[in-house]
Amino acid sequence: MPSGLLAIAPGAMMVADPWPDIAVPTLWIGIGNLIFGMLQVPVASRLRRLR
């Protein structure tokens, strides 16, 4: 679960303050990190329940 939360943080920072020169790639990477982190949190909790 911590890895999911750690993936959300950089994504949020990249979306919040992208550099003007590379705004579009930064936004895509940031959005991708946010989605990946949000998907990892529920999967981690389900795996923890199985154990």
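Just so you know, these numbers come straight off a predicted model, no measurement behind them.
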How long is the gap from CD1 on Ile29 to CG on Leu34, to the nearest 0.5 Å? 12.0 Å
Set of residues satisfying side-chain contact (heavy atoms from CB on, under 4.5 Å) with respect to Ile31, sequence neighbours excluded: Val15, Ile35
With sequence neighbours excluded, tell me which residues meet side-chain contact (heavy atoms from CB on, under 4.5 Å) with Leu47. Val43, Leu50
